[in-house]
Engineer: 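Below is the structure I would like to discuss, written out as structure tokens.
These values consider heavy atoms only, across backbone and side chains, with no hydrogens, waters or symmetry-generated copies. Numbers here simply count residues along the sequence, with the first being 1.
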Amino acid sequence: MEIYDAIGAGYAGRRRPDPRIGARIDEALGSARTVLNVGAGAGSYESRSRQVTALEPAWTMIAQRPQDAAPVVQGRAEALPFAEGAFDAVMAVLTVHHWTDKALGLAELRRVARDRIVVLTFDPVFRGFWLTDYLPGLIALDEAQMPPLSVFEKAWGGAIAVQPVPIPHDSLDGSLCAYWRRPQAYLDPDVRKAISSFWALGDVSTSLQRLERDLVSGAWRARYGGLLEKAEMDLGYRLVVVG
């Protein structure tokens, strides 16, 4: 069973595309007309002005795609059911860390892309998100799941362009770091259900109780209150582009 067949119910309601992040992805795609979206999920960040084909392994996610979304093929990144050079560009948004064989999946992206590859990922060497003070297991999880940027360079046989993607304080995206300025959101089980890291960590109730106490007592604000003045933050998200 795919991970999102198990945890993906209701995903589309929380993981909505943020237009500011979407603009970065769209800009990186350049003049590409035909685009393959690998690990497409419920369809976030699929451009309506391009000819998009989606590929998604989990039927739970496919079922949540809007009726007017791009056509979707059930399949895996490691064995793309498309011919060599079938698309002007290939995109993949916060999905590479779920692939069984990351190097093979990245090689497949290179095979079917004529001109460009755009991947939104997380750099596992990044440190600085306050949530890791409460959930230190996130650091080990990132190191285990998130491929270092050198993996992209090796898989694609050359230089890559890496662009930071700051997360707006009111991001609609619903990914792990989306609520960096809204700490109370992490106490909401519906929010956590749409974040695979919480599924991977297991029982985090003790850590969340500590967070709740700190929010009530003012201890969180005393330590991290300066964040409340920021409009966006670099939290380790990166656009990796080749072509």
Side-chain angles (χ1 to χ4, degrees), residues 7-8 10-28 41-42 44-45 93-97 118-146 148-149 162-240:
I7 69 172
Y11 187 89
R14 290 288 180 181
R15 300 298 292 268
R16 294 172 292 160
D18 185 278
R20 293 152 292 190
I21 298 173
R24 299 290 298 273
I25 295 170
D26 196 61
E27 181 182 8
S44 290
Y45 301 112
V93 177
L94 296 179
T95 178
V96 176
H97 55 291
V118 176
V119 175
L120 180 61
T121 186
F122 179 85
D123 186 349
V125 304
F126 180 85
R127 298 288 182 268
F129 184 24
W130 62 261
L131 190 59
T132 61
D133 294 342
Y134 293 88
L135 298 169
L138 287 171
I139 295 174
L141 182 64
D142 287 341
E143 291 174 345
Q145 288 190 334
M146 299 291 181
L149 300 184
V162 179
Q163 307 170 16
V165 180
I167 304 302
H169 74 92
D170 55 352
S171 175
L172 303 175
D173 184 270
S175 58
L176 176 65
C177 297
Y179 305 100
W180 61 269
R181 216 180 82 173
R182 295 167 285 172
Q184 68 281 354
Y186 295 107
L187 304 178
D188 184 341
D190 288 335
V191 167
R192 299 196 303 273
K193 285 177 184 176
I195 299 174
S196 64
S197 298
F198 282 101
W199 179 85
L201 288 174
D203 183 7
V204 294
S205 56
T206 299
S207 296
L208 293 178
Q209 288 168 7
R210 178 185 161 215
L211 173 59
E212 185 172 22
R213 288 195 302 269
D214 285 355
L215 289 171
V216 171
S217 70
W220 185 93
R221 180 179 286 269
R223 285 195 294 270
Y224 311 110
L227 299 178
L228 302 178
E229 305 301 319
K230 296 181 179 293
E232 62 180 20
M233 279 196 70
D234 179 1
L235 291 163
Y237 291 87
R238 299 289 182 265
L239 266 185
V240 182

Engineer: Quick one: does R127's side chain have a donor or acceptor within less than 3.5 Å of a partner on P124's backbone?
Structural biologist: yes
Engineer: Checking the side chain of W220 only, and the main-chain atoms of L211 only, is there a donor and an acceptor separated by less than 3.5 Å?
Structural biologist: no
Engineer: With sequence neighbours left out, write down each residue that passes side-chain contact (heavy atoms from CB on, under 4.5 Å) with S205, or none if nothing qualifies.
Structural biologist: D203, Q209
Engineer: For the CZ atom of F129 and the OH atom of Y134, what is their distance to the nearest 0.5 Å?
Structural biologist: 11.5 Å
Engineer: Can we say R223 and D214 salt-bridge, meaning some charged N sits less than 4.0 Å from an Asp/Glu carboxylate O?
Structural biologist: yes
Engineer: Ring-plane angle category for Y224 and W130, please: parallel below 30°, perpendicular beyond 60°, tilted otherwise.
Structural biologist: tilted
Engineer: Quick check: closest heavy atoms across P19 and L172, and the distance to 0.1 Å?
Structural biologist: CD-CD1, 4.0 Å
Engineer: Kindly check if the number of other-residue, nucleotide or ligand heavy atoms within 6.0 Å of CZ (R182) is above 12?
Structural biologist: yes
Engineer: Test your reading of the model: is there a side-chain donor-acceptor pair from R24 to the backbone of P164, 3.5 Å cut-off?
Structural biologist: yes
Engineer: What are the two closest non-hydrogen atoms of S175 and I195, and how far apart are they?
Structural biologist: O-CD1, 4.0 Å
Engineer: In terms of heavy-atom contacts, does CD of E27 have more than 12 from other residues, nucleotides or ligands at under 6.0 Å?
Structural biologist: no
Engineer: Kindly indicate whether the side chain of L138, heavy atoms from C-beta on, has any atom under 4.5 Å from the side chain of L176.
Structural biologist: yes
Engineer: Of all residues at least two apart in sequence or in a different chain, which pass the side-chain contact (heavy atoms from CB on, under 4.5 Å) check with A23?
Structural biologist: none
Engineer: Roughly how far apart are D188 CG and K193 NZ, rounded to 0.5 Å?
Structural biologist: 9.0 Å
Engineer: Taking the side chain as everything from C-beta on, heavy atoms only, tell me whether I21 gets closer than 4.5 Å to L120.
Structural biologist: yes
Engineer: How long is the straight-line distance from CZ of R181 back to CD1 of I167, given to the nearest 0.5 Å?
Structural biologist: 14.0 Å
Engineer: For the atom pair OG1 (T132) and CG (D142), what is the distance rounded to the nearest 0.5 Å?
Structural biologist: 9.0 Å
Engineer: Could you give the distance from OH (Y237) to CG (D123), rounded to the nearest 0.5 Å?
Structural biologist: 12.5 Å
Engineer: Evaluate the criterion side chain to side chain contact (heavy atoms under 4.5 Å, CB included) for residue pair L187 and L215; output intermediate values, then yes/no.
Structural biologist: CA-CA 10 Å; L187 304 178; L215 289 171; 4.0 Å; yes
Engineer: Only counting residues at least two apart or in another chain, list the ones meeting side-chain contact (heavy atoms from CB on, under 4.5 Å) with A200.
Structural biologist: L141, Q145
Engineer: Determine whether H97 and S197 make a side-chain contact, defined as any pair of heavy atoms from C-beta on separated by less than 4.5 Å.
Structural biologist: no
Engineer: Would you please name every residue forming a side chain to side chain donor-acceptor pair (under 3.5 Å) with D18, sequence neighbours left out?
Structural biologist: R20
Engineer: Applying side chain to side chain donor-acceptor pair (under 3.5 Å), name anything that partners S207, two or more places apart in sequence or on another chain.
Structural biologist: none
Engineer: Could you tell me whether the side chain of V191 reaches within less than 4.5 Å of the side chain of F198, counting heavy atoms only?
Structural biologist: no
Engineer: To check you understand the geometry: which heavy-atom pair defines the closest contact between Y179 and A185, and what is its length?
Structural biologist: CD2-CB, 3.5 Å
Engineer: With a 4.5 Å limit on heavy-atom distance, are the side chains of L131 and P183 in contact?
Structural biologist: no
Engineer: Please report, to 0.1 Å, the donor-acceptor pairs under 3.5 Å made by any side chain of residues 226-236, with sequence neighbours excluded.
Structural biologist:
residue	atom	partner	partner atom	Å
D234	OD1	G236	N	3.0
D234	OD1	R238	NH1	2.8
D234	OD2	R238	NH2	3.2

